[in-house]
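Scroll down for the structure; my scribbles are underneath it.
Residue numbers start from 1 in every chain, and the chains themselves are labelled A, B, ... in the order their sequence lines are given, proteins ahead of strands.
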Protein chains: 2
Amino acid sequence: MSGMNAPLPLDAAPAFASGARIAEIAALLGDPARANMLLALMGGQALTPGELARHAGVSAPTTSGHLAKLAAAGVVAARAQGRHRYYRLASPEIAEVLHALMVAATAGPPRHRPPGPRDGALRLARSCYDHLAGRLAVALLGALEAQGHVRLSNEGEAAEPTPQGREFLAAFGLDLDGPGQGSGQGSRRPLCRTCLDWSERRPHLSGRLGAGLLERLLVLGWLTRVPGSRALTLTRAGEAGLIATFHLPRDWREGAGGPIRVAS
Amino acid sequence: MSGMNAPLPLDAAPAFASGARIAEIAALLGDPARANMLLALMGGQALTPGELARHAGVSAPTTSGHLAKLAAAGVVAARAQGRHRYYRLASPEIAEVLHALMVAATAGPPRHRPPGPRDGALRLARSCYDHLAGRLAVALLGALEAQGHVRLSNEGEAAEPTPQGREFLAAFGLDLDGPGQGSGQGSRRPLCRTCLDWSERRPHLSGRLGAGLLERLLVLGWLTRVPGSRALTLTRAGEAGLIATFHLPRDWREGAGGPIRVAS
DNA sequence: ATGAGGCTTCGGCCACGGCCGAAACATCCA
DNA sequence: TGGATGTTTCGGCCGTGGCCGAAGCCTCAT
């Protein structure tokens, strides 16, 4: 055995998940209003009850009640700030659950799935909890791999930065050894993972690396958030920067599914 | 870009998961009775309504109603066989959701988590949907790695069989190029993945390789199922075989958390 | 200080859905 | 052919929980 026997705190208590506790969480995600709120929170930004109420299409009192339940169960966490209360997903584990649900929801039977109006922009670039997703994310991972900064293995299931890649990313402003806000239990969040992009059906980067990359791109102003949506816009400076720095191919908008028309 | 641009059928329809559909699935998992049924099905065996009724602690009519709903939504699938109807989880995607829920349920706040009676046996070896989990699974992966049959990377996030390992596993009776029963949409299930063992907090093998391995171990009689439980028993022949063939360390029962006491 | 905006609490309405017992249906066995 | 076993359908009971409007708080702006 090699490094996999890292000093993980096993003693913590490996009790088994009870059906009751699972049902408790799932039931909270199982209400349309709450599901829409949580889906909005998957954008990664903390949102106020008012914004969440609009997302869910219910009144403020109803929203307040929902949020209280979600917070009590540890699904979301709140942070008071002046006159507002900002809610966010409580942990990466919860984001995992929502992600798995999204995959199952799309992979399922071919029911009627009305393509929403903003789909075009969402498919190009969006935030997924704390990292970048969409065609841009897929293309970016491709570019990183082509440059030898990241090595993919196992049919795209796994990714790992190369030594040269670490240097490159550090120069870009990423601290790969940072704390990485894992959820409790002392479990450190993995540095680099792939996450199946559920619109592109191809992997993109997640984990601490993916999160740091998105943060950096936002700070640089290369990407900007679209208010009230998970969609992200690639600025002109951003596109130029990504092409110059990451060698993003100029035709990245042309994926295997053809170019995406962004609704005007 | 490398092999990651495999011929995946993108045209299939990358519509976005709606809150409604997500809520529909989550609501189905959000009832204690149904959650317990699905947890039982996570054992990987197809079960009859009667068995599921006992697992859930509800009457037969109630169970029947639950199963009808789950089947209609594509969460479970049924197969009639004589006087019995065998139910199983409908897809790996659903198993993924349940797994994420189990992780979230254990990782959450330290609520009271009564350790069940069969915990000891479960922690040693159990089935997880279609592959092996528990301390034995973790030790087995460690042995495979030590023998150079599998290469782990990225903090245990990823695993991949080496050429030598493929040969070894083929000799053991595994067909690594088999179809692999992925769920619809032509998406082929990954060959080899790791899955965080949520009792050991360490990775073990899943994917087609993990599934094939468990199947083979059961066929050989090295592992046997404990009726009415997800627990698996390592037979004397099995332990000897694993030590001889896989070089499983003799003291595999002694994990980082100390030996496990199996309730008598 | 006074008002405005945002959020929460309270009270009450109503529907959805889980639960069971009884009975119908299906399948296998004798 | 009859009876035993497993499964589903039907009917009815009842609790849980989502929803809103009105009113109360709190925080900030004027």
| message | Less than 4.0 angstrom between a side-chain N/O of A:Lys69 and OP1 or OP2 of D:dG17, yes or no? | response | no
| request: Provide, to the nearest angstrom, the distance between the NE2 atom belonging to B:His66 and the C1' atom belonging to C:dC16. | output: 14 Å
| query | For A:Arg193 and A:Glu96, what are the C-alpha separation, side-chain angles and deciding distance, and is it a salt bridge (charged side-chain N to carboxylate O under 4.0 Å, His left out)? | reply | CA-CA 12 Å; A:Arg193 301 190 51 179; A:Glu96 252 341 297; 3.7 Å; yes
| message | Between C1' on D:dT16 and CD on A:Glu24, what's the gap in Å once rounded to a whole number? | response | 15 Å
| request: Could you tell me the separation between the CZ atom of A:Arg34 and the P atom of D:dG18, rounded to a whole number of Å? | output: 5 Å
| Under 3.5 Å donor-acceptor, A:Thr106 side chain and A:Val103 backbone | yes
| task | Run the numbers on B:Asp130 and B:Leu214 for side-chain contact (heavy atoms from CB on, under 4.5 Å), then give the verdict. | result | CA-CA 7 Å; B:Asp130 62 1; B:Leu214 171 59; 5.8 Å; no
| Any side-chain heavy atom of B:Leu242 sitting closer than 4.5 Å to one from B:Leu136? | yes
| message | With a 4.0 Å limit, can you tell me whether B:His84 has a side-chain N or O closer than that to the phosphate oxygens OP1/OP2 of D:dT7? | response | yes
Every protein N/O lying under 3.5 Å from an N/O of nucleotides 8-11 of chain D:
from  : atom 1 : to      : atom 2 : distance (Å)
D:dT8 : OP1    : B:Arg85 : NH1    : 3.3
D:dT8 : OP1    : B:Tyr87 : OH     : 3.3
D:dT8 : OP2    : B:Ser64 : OG     : 3.2
D:dT8 : O5'    : B:Ser64 : OG     : 3.3

| query | Would you say B:Arg34's side chain and B:Leu28's backbone share a donor-acceptor pair under 3.5 angstrom? | reply | yes
| message | So if I take every side-chain heavy atom of A:Asp31 and compare against C:dC19, D:dC19, D:dC20, which nucleotide ends up nearest? | response | D:dC19
| message | Less than 4.0 angstrom from a charged side-chain N to a carboxylate O is my criterion; do B:Lys69 and B:Glu24 meet it? | response | no
| field | Inter-axis angle, terminal five-pair segments of the helix from C:dA1-D:dT30 to C:dA30-D:dT1 [nearest 10°] | value | 20°
| Sidechain-backbone polar pair: A:Glu51 side chain, A:Thr48 backbone, donor-acceptor under 3.5 Å | yes
| said: Rounded to the nearest 0.5 Å, what separates atom CG in B:Leu101 from atom CG in B:Leu38? | reply: 10.0 Å
| query | Does C:dC19 have OP1 or OP2 sitting under 4.0 Å from an N or O in the side chain of B:Ser59? | reply | no
